[in-house]
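Data block below; observations after.
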Amino acid sequence: MRALYCLDPDVAPHHVEEVVRRCGLDAVVVGDRAQENEELLSWLRDGDLGVALNFPLFFDPVLLAQMPDTYAVTSAGRRAVDRWLHMACPRSDEFWDARRRALAGALEVLQPDLVCLDFARTFVMWERVPADASAADIEHGCWCARCVDGLPTPVDREQLGRNAVEAVTARVRDAVDVVRATSTDTTVGVKVVPWLADDYAGARRWACGQDLEALASCVDVLMPMSYSAMIGRPAHHVRKLHDEIRRSTGRPVVPWVQAASADDDAALDVDELRRMLDAAAPETSDGVCVFHLDGVADRPEVTELLHAMLSNPMRRSARA
């Protein structure tokens with residue numbers, strides 16, 4: 001599956017299909033709110049494009065507004081909010097029960113071929129951590145009472161990180177069980193922060209709660225967010241990241257690649273995109289998700305490059 005991520009749940013289906021085709025891709029990634037768009041739903045069911053569901057585990061600003069006590073608390077002692085990012089504590093059963101129900105509902109309505117478990121981590125704004133930052137510079141969470149109660153004081157960062165890994169892995173495993181209860185044929189992947197194991201003194205574990213070997217035991221594929229431009233790294237960082245994941249987990253790697261800027265007005269440089277795609281090429285032959293439709297729709301030079309490097313002539317049959 002080679003899929004283009006559609007962030008806007010209210011998008012017109014004909015626009016999605018037109019852009020996906022121009023990119024030479026064969027599937028679309030949608031969020032759980034896509035089920036609210038009846039026109040889009042009908043098109044997804046009747047069309048010949050594959051469907052992937054991108055489902056955030058601990059990110060849901062609307063739900064957090066209703067359950068403010070379930071917010072994570074950062075290492076700076078504040079609520080886990082940074083601009084658009086709002087994160088829940090992974091140990092909050094109240095929040096998790098609500099997200100679990102939401103996942104089951106989305107699966108029933110969307111019937112995806114692939115489920116991407118997103119925000120399967122604790123709070124950290126990894127996109128804004130400079131390559132030369134020290135471990136002490138990274139604000140992370142969760143440090144709420146649910147997470148620190150029972151730990152020796154002063155709280156040890158590594159111990160808290162082990163607890164975070166345990167909590168995140170347990171929720172991922174539970175989410176996979178929800179998917180399997182709906183369909184044993186649906187591929188499940190978990191999205192991975194694009195840091196190497198040793199970056200920032202092992203922050204992928206202690207700051208994000210992501211243990212790749214543990215996560216690999218739960219899912220079919222690992223999905224690194226291979227956005228080297230976003231984190232200020234050279235494109236060959238993508239190659240190192242993918243090699244490390246395959247070597248340490250034995251799981252297939254289906255990367256997310258960055259074809260557009262995330263939250264600023266600067267257009268992603270086409271040559272930089274080409275370098276990232278070159279670095280990711282061994283994995284994109286098995287599948288890839290591209291971020292994102294709105295950022296590439298009006299850039300023919302980008303859609304042409306994606307078509308040239310990712311085009312797959314195979315198309316799936318109409319959905320039942």
Side-chain angles (χ1 to χ4, degrees), residues 56-59 64 69-82 85-97 99-100 117-129 133-178 188-219 221-225 231 241 244-251:
L57 297 191
F58 306 122
F59 169 77
L64 282 165
D69 290 342
T70 68
Y71 264 100
V73 175
T74 79
S75 51
R78 66 181 186 89
R79 182 175 285 185
V81 177
D82 191 330
L85 181 63
H86 294 244
M87 294 288 287
C89 169
R91 291 185 177 275
S92 169
D93 290 333
E94 181 185 12
F95 181 89
W96 180 247
D97 288 346
R99 290 306 288 158
R100 197 179 193 277
L117 301 177
D118 200 0
F119 295 91
R121 57 179 175 84
T122 48
F123 172 87
V124 64
M125 197 72 172
W126 57 264
E127 301 94 327
R128 297 173 61 194
V129 177
S134 69
D137 294 332
I138 301 175
E139 184 179 7
H140 63 284
C142 181
W143 290 70
C144 76
R146 282 177 294 259
C147 295
V148 302
D149 282 356
L151 295 180
T153 54
V155 175
D156 176 76
R157 184 183 74 190
E158 296 299 328
Q159 177 60 55
L160 191 71
R162 286 191 289 272
N163 285 4
V165 164
E166 178 184 276
V168 168
T169 304
R171 300 303 195 194
V172 168
R173 184 174 291 112
D174 192 32
V176 174
D177 288 345
V178 173
V188 185
V190 62
K191 292 168 75 171
V192 177
V193 170
W195 292 344
L196 299 172
D198 293 334
D199 284 350
Y200 314 115
R204 193 170 65 198
R205 281 180 55 90
W206 60 257
C208 304
Q210 290 194 332
D211 180 309
L212 298 199
E213 290 82 358
L215 293 174
S217 71
C218 306
V219 300
V221 298
L222 291 172
M223 310 186 85
M225 292 175 283
I231 60 174
L241 176 67
E244 180 183 84
I245 293 173
R246 285 190 293 100
R247 185 173 57 250
S248 64
T249 70
R251 277 283 188 262

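Quick caveat, the model's predicted, so the values are computed rather than measured. What you see below is based on every heavy atom in this structure, not just the backbone, and it leaves out hydrogens, waters and symmetry mates.
- Counting only heavy atoms from C-beta outward, the side chains of Arg157 and His140 approach each other to under 4.5 Å.
- In this structure, the side chain of Arg91 does not engage the main chain of Cys144 through any donor-acceptor pair within 3.5 Å.
- By the salt bridge (Lys or Arg N to Asp or Glu O under 4.0 Å) test, Asp174 is found to be paired with Arg100, residues two or more places apart in sequence or in another chain being considered.
- Atom-to-atom distance recorded for Leu222:CG and Arg246:CZ is 12.0 Å, nearest 0.5 angstrom.
- Remark: Arg171 CZ to Glu166 CD distance equals 10.5 Å, nearest 0.5 Å.
- Nearest heavy-atom pair across Ile138 and Ala203 is CD1-CB, 4.0 Å.
- For Arg251 against Ala216, the heavy-atom pair with the smallest separation is NE-O, 3.0 Å.
- Remark: Arg204 fails to qualify as a cation-pi partner of Trp195 under the 6.0 Å distance and 45° angle criteria applied to the six-membered ring.
- Using a 4.5 Å heavy-atom threshold, the side chains of Thr122 and Pro90 count as touching.
- Distance check, rounded to the nearest 0.5 Å: CG of Asp69 to CZ of Arg146 gives 7.5 Å.
- For the pair Gln210 (side chain) and Val193 (backbone), a donor-acceptor distance under 3.5 Å is present.
- A salt bridge is absent between Arg205 and Glu213: the closest approach of a Lys/Arg side-chain nitrogen to an acidic carboxylate oxygen does not fall below 4.0 angstrom.
- Using cut-offs of 30° and 60° for the angle between ring planes, the Phe119 and Phe59 rings count as parallel.
- Thr70 and Ser92 get closest at one heavy-atom pair: CG2-OG, 3.2 Å.
- Partner Val190 forms a side chain to side chain contact (heavy atoms under 4.5 Å, CB included) with one of Val219, Val168, Val221 and no other, that one being Val219.
- Looking at every heavy atom in both residues, Ala80 comes nearest to Thr74 through CA-CG2, 3.6 Å.
- Residue Leu241 holds its CG atom at 10.0 Å from CE of Met225, rounded to the nearest 0.5 Å.
- Qualifying side-chain hydrogen bond (donor to acceptor under 3.5 Å, both in side chains) partners for Asp156, counting only residues two or more places apart in sequence or in other chains: none.
- A donor-acceptor distance shorter than 3.5 angstrom exists from the side chain of Arg99 to the backbone of Pro56, with no hydrogens or angles considered.
- Pairs passing the ring-ring contact (aromatic ring centres under 6.0 Å, His included) check and including a residue from residues 144-176, sequence neighbours excluded, do not occur.
- For the pair Thr169 and Cys218, the minimum side-chain heavy-atom distance is below 4.5 Å.
- Of the inter-residue distances, the one linking Asp82 atom CG with Glu139 atom CD reads 7.0 Å to the nearest 0.5 angstrom.
- Under the 3.5 Å distance criterion, the side-chain polar atoms of Asp97 are left unmatched by any main-chain donor or acceptor of Glu94.
- Under the 4.5 Å side-chain criterion, counting only non-hydrogen atoms from C-beta, Arg121 is not in contact with Phe58.
- Scanning all heavy atoms of the two residues, the minimum distance from Cys147 to Leu160 falls at O-CD1, 3.6 Å.
- Between the side chain of Trp206 and the main chain of Ala201, a donor-acceptor pair closer than 3.5 Å is present.
- A 4.5 Å side-chain heavy-atom check between Phe123 and Val73 finds every atom pair outside the cut-off.
- Using a 4.5 Å heavy-atom cutoff, the side chains of Trp126 and Pro194 are in contact.
- Between Asp137 and Val129, every side-chain heavy-atom pair lies at or beyond the 4.5 Å cut-off.
- Taking the side chain as every heavy atom from C-beta outward, Glu158 and Arg162 approach each other to under 4.5 Å.
- Taking all atoms of both residues into account, the shortest heavy-atom contact from Leu212 to Thr249 is O-CG2, 3.7 Å.
- Sparse packing is recorded around CG of Asp198, with 12 or fewer heavy atoms of other residues, nucleotides or ligands lying under 6.0 Å away.
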